[in-house]
Q: 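Here's a structure for you.
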Amino acid sequence: MTPGKMIQSLSGWLVNVSIAMTALRTNLMRSILTMLGVMIGVFAVTLAVAVGAGAQSSVIQSVNALGSNMAIIVPEPDVGGGRRAFDRGRLTMRDARAIKKQIPGVLYLAPQLRSTIQIVAAGNNTTTNAVGSTADFAPVTNSAVQTGRFIDEADERSAARVVVIGSTVAEALFGNFDPVGQTVRINRIPFTIIGLLESKGSNFGSDNDDTAIMPISTMRQRFNGDTLSGPDDLNLLFVGFEDASSLVESKISITQLLSERYNVEEKGTNPFTVRTTEEFLEQTGEITAIFQIVLVAIASISLLVGGIGIMNIMLVSVTERTREIGLRMALGAKRSDIRNQFLVEAAVLCIIGGIVGLQLASAVGYAMTTYAGFLVPIGLSVALGAIIFSACIGLVFGGYPAVRASRLSPIEALRSE
C-alpha cells in the first residue's frame, strides 16, 4: 500500500470515528444505557483477573515468608498424600540430627516447638504464637532483625530467657518505642527482648508479625514440658537446602531415611509428613488458577449480556437510519463504507464503556489494596487487554448489524420513512 492510499484509508477511518461520536451524542441517554452492560462486564472481568493475580502474588509472598528451597516435616501420619491431623506421629531431635548428617545439601536445620503464650509488659498484654527454635530459624525462614539480634547457640545451650518478637507484638506492648532490652513476663516468667524482627506483613488474613521466637531449649523447659510424649519430640522441622539442590530428590531421601528409622514397611503409613515449598507453590498455584478461571467465567456472562445489548441497539440504529444509509449510497458510498461506519460506531461505544469499567475496577482494586490489605494489581498489560477486548466485543456483536446495513438496497432505503 502506497503512502497516499494509507493516508486516504486512515482519513476514512477517522471520518467514521467522527460520525460515530456524533451518533452517540445525538442519542446520549441510549448510548449511556448501552455502554452500561459493557462497562459492568469489563469491570467484572478486569477485577476478576486482578484478584486472581493478587491471590497468586499472596501465595508467593506466603511461601517466601515461610521460607524458600525448604522441606517441612510434620509429625503427623502421611495417608495417601494427605494428613490425619487428629493423629500424632513421631519426630524427634535425633531425627533432625540424622537428617543433617546423612542428607546431602542441607544448609540449615530449624527444629521447632510451638505454643500460644501471653506476654505482659508495662501494663499492656497480648497473646501471640511462640516458636522455640535454633539460630538456623532466621536464614531458613528468610527472617531478619530490624534492631537487636537473633537467638544464638549460646542462648540455646543455656536455655536463656530471651525472646525475639515481631512488630505486631512490639506495637501492642510498647507502641512506637524500641522494645530491645526491655523485660517482659511470658506466662509469668521474666524474659528479656533481644531483637525486633523486620515486618513481613499479612497474607490471607494471617499476620506474619504476630510471633515471638525463643531458644528451643527454653521453650521445652518452660512451656512444653508436659505437652509432648518424648523428651526430644518436635512439633515441626524446617530443613533448608542449597540452591542447587533438588527438592524432589531431597524429599525422597528424607522420607527413605525416616522410614528406615521408624521401620516403616514398603507400603506402610509413615508417622510423619514431608512437604516442600515447591509443592506448596504448585498446589496453591493450581487452586488460585482454578479460582481465577471461575471468576472470569462468571464475570464474562455480564460481558456477553452487554455484547448482546450492543447488537440489539445497533439493529435499532440501522432501522432508524435506513434513509440516511440510502442517501449515502446514492451519493457514492460503497457497501464497505456503510459496514465500516457501523462497525466503528459499535467499537467506539464498547471502548468508551471499557474505559469507564477499567477506571471503576482500578478504584475498587485500590480500595481493596489500601483498606483490606489484599493486593489487586491492575497493570498496563491488564488495562490494554481490557480496552482491546472491549473493541473486539464491539466488532463481534456489531458485525451483524453492520453487514445488514451494508446490504440494504439504496432505492428501498430512500423510500423508507
Q: What do the steps show when you test V140 against D136 for side chain to side chain contact (heavy atoms under 4.5 Å, CB included), and what is the final call?
A: CA-CA 6 Å; V140 81; D136 280 358; 5.5 Å; no

Q: Is the backbone of P231 close enough, under 3.5 Å, to the side chain of R220 for a donor and an acceptor to pair up by distance?
A: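 Such a contact is found between R220 side chain and P231 backbone.
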
Q: Does T322 reach the main-chain N or O of T319 with its side chain, forming a donor-acceptor pair under 3.5 Å?
A: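 Judged by distance alone, yes, a pair lies under 3.5 Å.
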
Q: Restricting to non-hydrogen atoms, name the atom on L109 and the atom on I99 that form the minimum distance, rounded to 0.1 Å.
A: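 That closest heavy-atom pairing would be CD1-CG2, 4.4 Å.
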
Q: Please determine whether side chain to side chain contact (heavy atoms under 4.5 Å, CB included) holds for the pair V169 and D210, giving the CA-CA distance in whole Å, both sets of side-chain angles, and the decisive distance to 0.1 Å.
A: CA-CA 6 Å; V169 178; D210 188 8; 3.6 Å; yes

Q: Compare every heavy atom of F174 with every heavy atom of P179, then report the nearest pair and how far apart it is.
A: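 Answer, listing the atom of P179 first, then F174: CB-CD1, 3.5 Å.
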
Q: Got a donor-acceptor contact below 3.5 angstrom from the R335 side chain to the S406 backbone?
A: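 It does hold such a pair.
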
Q: With side chains defined as the heavy atoms from C-beta onward, is the minimum distance between N129 and T116 less than 4.5 Å?
A: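 Heavy-atom side-chain distance check passes, below 4.5 Å.
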
Q: Does a side-chain heavy-atom distance below 4.5 Å link F272 with V274?
A: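 Side chain of F272 against side chain of V274, heavy atoms only: contact under 4.5 Å found.
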
Q: Does atom CD of Q182 have more than 12 heavy-atom neighbours from other groups under 6.0 Å away?
A: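 Result for CD/Q182: enclosed.
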
Q: Is the shortest heavy-atom distance from the side chain of S143 to the side chain of K200 under 4.5 Å?
A: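 With C-beta onward as the side chain, the pair touches.
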
Q: Distance alone, cut at 3.5 Å: any donor-acceptor contact between the side chains of N69 and T277?
A: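 No, no side-chain donor-acceptor contact under 3.5 Å.
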
Q: Take atom CD in E153; do more than 12 heavy atoms of anything else shown fall under 6.0 Å from it?
A: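 Not more than 12 within 6.0 Å, no.
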
Q: Within this structure, what is the CD1-CD1 distance for the pair I308 and I313, rounded to the nearest 0.5 Å?
A: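 With rounding to 0.5 Å, CD1 (I308) is 13.0 Å from CD1 (I313).
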
Q: Could you go step by step and tell me if S259 and N270 meet the side chain to side chain donor-acceptor pair (under 3.5 Å) rule?
A: CA-CA 7 Å; S259 297; N270 291 318; 3.0 Å; yes

Q: State the CZ-CE distance between F238 and M70, to the nearest 0.5 angstrom.
A: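 With rounding to 0.5 Å, CZ (F238) is 4.5 Å from CE (M70).
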
Q: Verify, without hydrogens or angle tests, whether S133 (side chain) and I216 (backbone) share a donor-acceptor contact under 3.5 angstrom.
A: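 Looks like no, no N/O pair under 3.5 Å.
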
Q: Heavy atoms only: give me the nearest V376-V51 pair and the separation to one decimal.
A: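 In terms of heavy atoms, the two residues are closest at CG1-N, 4.1 Å.
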
Q: Could you tell me whether the side chain of S217 and the main chain of E156 form a donor-acceptor pair under 3.5 Å?
A: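 Judged by distance alone, yes, a pair lies under 3.5 Å.
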
Q: When you compare the side chain of V145 with that of L196, does any pair of heavy atoms fall below 4.5 Å?
A: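 L196 does not reach V145 side chain to side chain.
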
Q: Is there a salt bridge (charged side-chain N to carboxylate O under 4.0 Å, His left out) between E279 and K251? Walk through the geometry before answering.
A: CA-CA 11 Å; E279 289 177 317; K251 174 183 175 178; 2.6 Å; yes

Q: Rounded to the nearest 0.5 Å, how far apart are CG of L113 and CG of D233?
A: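 Output value for this atom pair is 9.0 Å.
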
Q: Scan residues 93-106 for pairs that pass side chain to side chain donor-acceptor pair (under 3.5 Å), counting only residues two or more places apart or in two chains.
A: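 Every pair satisfying side chain to side chain donor-acceptor pair (under 3.5 Å) with a residue in residues 93-106: T92-D95, R94-D232, D95-R261, D95-Y262.
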
Q: Identify the heavy atoms of G354 and I387 that sit nearest to each other, and give their distance.
A: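 So the minimum-distance heavy-atom pair works out to C-CD1, 4.2 Å.
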
Q: Assess the side chains of T128 and T126: does a donor N or O sit below 3.5 Å from an acceptor N or O?
A: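 No, T126 and T128 have no side-chain donor paired with an acceptor closer than 3.5 Å.
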
Q: Taking C-beta and beyond as the side chain, do I310 and L349 meet within less than 4.5 Å on heavy atoms?
A: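 The answer is yes; the side chains approach within 4.5 Å.
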
Q: Is a salt bridge present between R149 and D155, judged by a nitrogen-to-oxygen distance below 4.0 Å?
A: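 Yes, R149 and D155 are salt-bridged.
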
Q: Between T168 and D207, do the side chains contain an N or O donor and an N or O acceptor separated by less than 3.5 Å?
A: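 Present: a donor and an acceptor within the cut-off.
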
Q: Is a donor on one side and an acceptor on the other found under 3.5 Å between the side chain of N124 and the backbone of L173?
A: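 Yes.
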
Q: Should F137 and V131 be marked as a side chain to side chain contact (heavy atoms under 4.5 Å, CB included) after you check the CA-CA gap, both sets of side-chain angles, and the distance that decides it?
A: CA-CA 10 Å; F137 183 85; V131 179; 3.9 Å; yes

Q: How close do G399 and L343 get, counting heavy atoms only, and between which atoms?
A: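 Result for this residue pair: CA-CD2, 3.8 Å.
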
Q: Measuring only between side-chain heavy atoms, which start at C-beta, is N235 closer than 4.5 Å to P75?
A: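 Of all side-chain heavy-atom pairs linking P75 with N235, none is under 4.5 Å.
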
Q: Before giving the answer on side chain to side chain contact (heavy atoms under 4.5 Å, CB included), spell out for I194 and I151 the whole-Å C-alpha distance, their side-chain angles and the decisive distance to 0.1 Å.
A: CA-CA 8 Å; I194 59 171; I151 57 176; 4.0 Å; yes

Q: Would you check if V264 and P271 make a side-chain contact, meaning some heavy-atom pair closer than 4.5 Å?
A: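 With C-beta onward as the side chain, the pair touches.
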
Q: How many angstroms lie between atom CD1 of I393 and atom CZ of F389, to the nearest 0.5 angstrom?
A: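 Separation between the atoms: 4.5 Å.
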
Q: Would you indicate whether the side-chain heavy atoms of P111 and T134 approach each other to under 4.5 Å?
A: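 Side chain of T134 against side chain of P111, heavy atoms only: contact under 4.5 Å found.
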
Q: Mind checking the CG-OG spacing from N208 to S167? Nearest 0.5 Å is all I need.
A: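 If we round to the nearest 0.5 Å, N208:CG and S167:OG are 9.5 Å apart.
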
Q: Going by side chain to side chain donor-acceptor pair (under 3.5 Å), name the pairs with one or both residues in residues 184-197, residues two or more places apart or in two chains.
A: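 For residues 184-197, and leaving out neighbouring residues, there are no side chain to side chain donor-acceptor pair (under 3.5 Å) pairs at all.
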
Q: Mind checking the CD1-CE spacing from I186 to M219? Nearest 0.5 Å is all I need.
A: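 Atom-to-atom, I186:CD1 and M219:CE are 8.5 Å apart.
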
Q: Check A361 against L47 and note the closest heavy-atom contact, atom names and distance.
A: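 Closest heavy-atom pair between A361 and L47: O-CD1, 3.8 Å.
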
Q: Would a distance-only check, ignoring hydrogens and angles, find a side-chain to backbone donor-acceptor pair under 3.5 Å from T218 to M214?
A: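 Not confirmed, T218 side chain does not pair with M214 backbone.
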
